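Just so you know, residue 1 is the first one in the sequence shown, and it goes up from there. Remember, it's a predicted structure, so these values are computed and weren't measured experimentally. Whatever order the structure lists them in is the order used to number ligands and atoms, beginning at 1.
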Amino acid sequence: MAGRGRIEGGAAAAGRAGGPLRVAVLGAGTVGREVVGALIEGWSPEGSGRPLALAGVAVRDLAKAEAAGIPAGLLTDAPAHLLAEGADIVVELMGGEEPARTLIAAALGAGIPVVTANKYVVARHGAELEAIARRTQAPFRFEAAVMGGTPILRLLADDLAGTRVTAVRGIVNGTTNHILTEMATGGLTYEAALAGAQAAGYAEADPTGDVEGGDAADKLVILARLAFGTWLDRSAVTVARPGGRPGITGVSADDLAAAAARGSAIRLLASATRDAVTASMDASVLPTEVPRDSPLGGTNGVRNRIEIESDRLGWIGVEGPGAGGAATAAAVLADRAAIAAGGGSTWGVLPPATAAAGRPVEAGAR
Ligand SMILES: NC(=O)c1ccc[n+]([C@@H]2O[C@H](COP(=O)([O-])OP(=O)(O)OC[C@H]3O[C@@H](n4cnc5c(N)ncnc54)[C@H](OP(=O)(O)O)[C@@H]3O)[C@@H](O)[C@H]2O)c1
């Protein structure tokens with residue numbers, strides 16, 4: 001194998017009938033090391049089909065991964081070569097656009113099932129990847145990309161398949177919800193609350209993707225695919241009001257105090273609706289006042305909550321942790337188990353996505 005690191009055992013067992021399913025894990029960071037640890041311990045749900053074996057784990061820094069407890073014999077810094085050696089399932093947990101997109105597309109193109117938590121790639125390349133997966137009939141599962149381990153995508157795709165979903169809304173970014181909660185309860189400025197979130201490990205050193213609404217917009221595109229059957233153009237999601245600042249970056253302590261005086265809380269609300277008559281879609285991620293005693297108003301800190309409106313059920317809600325290594329690994333492991341048991345893609349029984357990119361949302365339309 002090219003690249004550094006040594007994968008012991010070779011690829012001889014890959015795909016062998018009755019042999020273990022060989023899982024290649026790309027990335028062993030916050031989420032990946034939880035998944036790798038579970039697989040090393042032999043984690044497998046009862047009745048999930050063939051046993052599993054780790055084909056290898058790709059990282060950039062081999063020494064760091066080894067120090068974190070991953071056996072050197074499993075490690076490589078050459079993810080493409082790990083795939084070329086042969087795997088029965090690919091679990092992509094590197095994040096970012098490239099090389100993740102290319103590796104996922106290559107695996108699906110070769111008919112190999114893929115599990116990913118990569119909202120960035122799925123939100124921008126979901127249509128292309130779905131087309132490849134449908135052509136080769138390789139399952140493509142990405143439950144962990146939205147709300148971490150709290151199940152929401154399979155609920156939309158499977159359990160709500162008998163309804164017509166008209167709206168999806170919710171708090172899908174724990175970092176910004178934590179900041180807004182701290183500002184409201186502690187009377188903090190945005191800058192002070194952000195610094196506190198960074199110190200507590202809830203916000204990254206570069207918080208742009210969270211605080212400007214980009215992360216939530218990625219998740220909304222994925223939710224809309226399962227709710228409405230269309231891959232929205234990611235750039236069509238509104239993240240700022242006209243003349244306003246994106247995401248929560250323009251929310252002040254005064255805004256929160258004024259909202260509180262009206263009995264409201266401010267939440268960064270991701271919202272997508274489909275017009276019942278024209279079927280046009282509207283998607284935005286904007287700071288929005290909600291009644292403080294409503295379920296959304298009562299969702300504090302890093303927790304997430306998504307509400308779905310459909311013709312037969314009205315509104316239903318799902319709440320839970322939206323991030324964290326252990327929580328997110330739960331969704332990855334469940335997806336991997338579903339594949340081992342012969343399950344299909346995250347879109348389940350839903351028909352292929354339509355090609356339409358959705359109507360670009362006019363800024364300030366809501
Ligand atoms: N963290 C969460 O709570 C959470 C929740 C939901 C979804 N997700 C998603 O899960 C994915 C992983 O997130 P994470 O927080 O676990 O990320 P992370 O902690 O930054 O870990 C990324 C891992 O991928 C490896 N990697 C990155 N680029 C690579 C490359 N070109 N070649 C080989 N290895 C590479 C890194 O190796 P080195 O460390 O050696 O650089 C590291 O092991 C992302 O798509 C993220 O959006 C995360």
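Each of the following atoms of ligand 1 lies closer than 4.0 Å to a heavy atom of Ala28: 23 (C), 42 (C), 43 (O). Ligand 1 places these atoms under 4.0 Å from at least one heavy atom of Ala144: 6 (C), 7 (C). In the vicinity of Leu93, heavy-atom distances shorter than 4.0 Å reach the ligand 1 atoms 12 (C), 22 (C), 23 (C), 24 (O). Of all atoms in ligand 1, listed by their number and element, those nearer than 4.0 Å to a heavy atom of Pro99 are 31 (N). In the vicinity of Ala323, heavy-atom distances shorter than 4.0 Å reach the ligand 1 atoms 3 (O). The ligand atoms of ligand 1 that sit less than 4.0 angstrom from a heavy atom of Gly324 are 2 (C), 3 (O).
Within the 4.5 Å cutoff, the side chain of Val91 has no heavy atoms near those of the Thr116 side chain. Between Arg154 and Arg141 there is a side-chain heavy-atom pair separated by less than 4.5 Å.
Scanning all protein heavy atoms for the shortest distance to atom 21 (O) of ligand 1 gives Gly29 CA, 3.2 Å. Residue, atom and distance of the protein heavy atom nearest to atom 9 (C) of ligand 1 are Ala117 O, 3.3 Å. Protein heavy atom nearest atom 15 (O) of ligand 1, with residue, atom name and distance: Thr30 CB, 3.5 Å. Counting protein heavy atoms only, atom 25 (C) of ligand 1 is closest to Gly27 CA, 3.8 Å. For atom 36 (C) of ligand 1, the closest non-hydrogen atom on the protein side is Arg60 NH2, 4.3 Å. Closest to atom 44 (C) of ligand 1 among all protein heavy atoms lies Gly95 CA, 3.6 Å. The nearest heavy-atom contact from the protein to atom 47 (O) of ligand 1 is Lys119 CE, 3.2 Å. Here the heavy atom of the protein found nearest to atom 48 (C) of ligand 1 is Val31 CG2, 3.6 Å.
One option in Glu92, Lys219, Met94 has a heavy atom closer to atom 29 (C) of ligand 1 than any other, and that option is Met94.
The closest side-chain donor-acceptor pair between Arg267 and Asn300 falls under 3.5 angstrom. A side-chain N or O of Asp233 and one of Ser235 form a donor-acceptor pair less than 3.5 Å apart. Of the N and O atoms on the side chains of Glu130 and Trp347, not one donor lies less than 3.5 Å from an acceptor on the other residue.
There is a protein heavy atom closer than 4.0 angstrom to atom 40 (O) of ligand 1.
Taking the six-membered ring where the residue is Trp, His178 and Tyr202 present tilted rings, their angle falling between 30° and 60°.
A donor-acceptor pair under 3.5 Å is formed between the side chain of Thr136 and the backbone N or O of Leu108.
Contacts of Lys64 with ligand 1, taken as heavy-atom pairs under 4.0 Å, involve the side chain alone. Residue contacts with ligand 1, taken as heavy atom pairs separated by less than 4.0 Å, involve Val59 via backbone and side-chain atoms alike.
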Check the pair Glu309 / Arg169 against salt bridge (charged side-chain N to carboxylate O under 4.0 Å, His left out), numbers first and verdict last. CA-CA 9 Å; Glu309 183 189 45; Arg169 69 183 179 203; over 6 Å; no
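A salt bridge is absent between Arg124 and Glu97; no separation between the charged side-chain nitrogens and carboxylate oxygens falls under 4.0 Å. A salt bridge links Arg305 with Glu307: at least one charged nitrogen is closer than 4.0 Å to a carboxylate oxygen.
Residues satisfying the side chain to side chain donor-acceptor pair (under 3.5 Å) criterion with Glu66, sequence neighbours excluded, are absent altogether.
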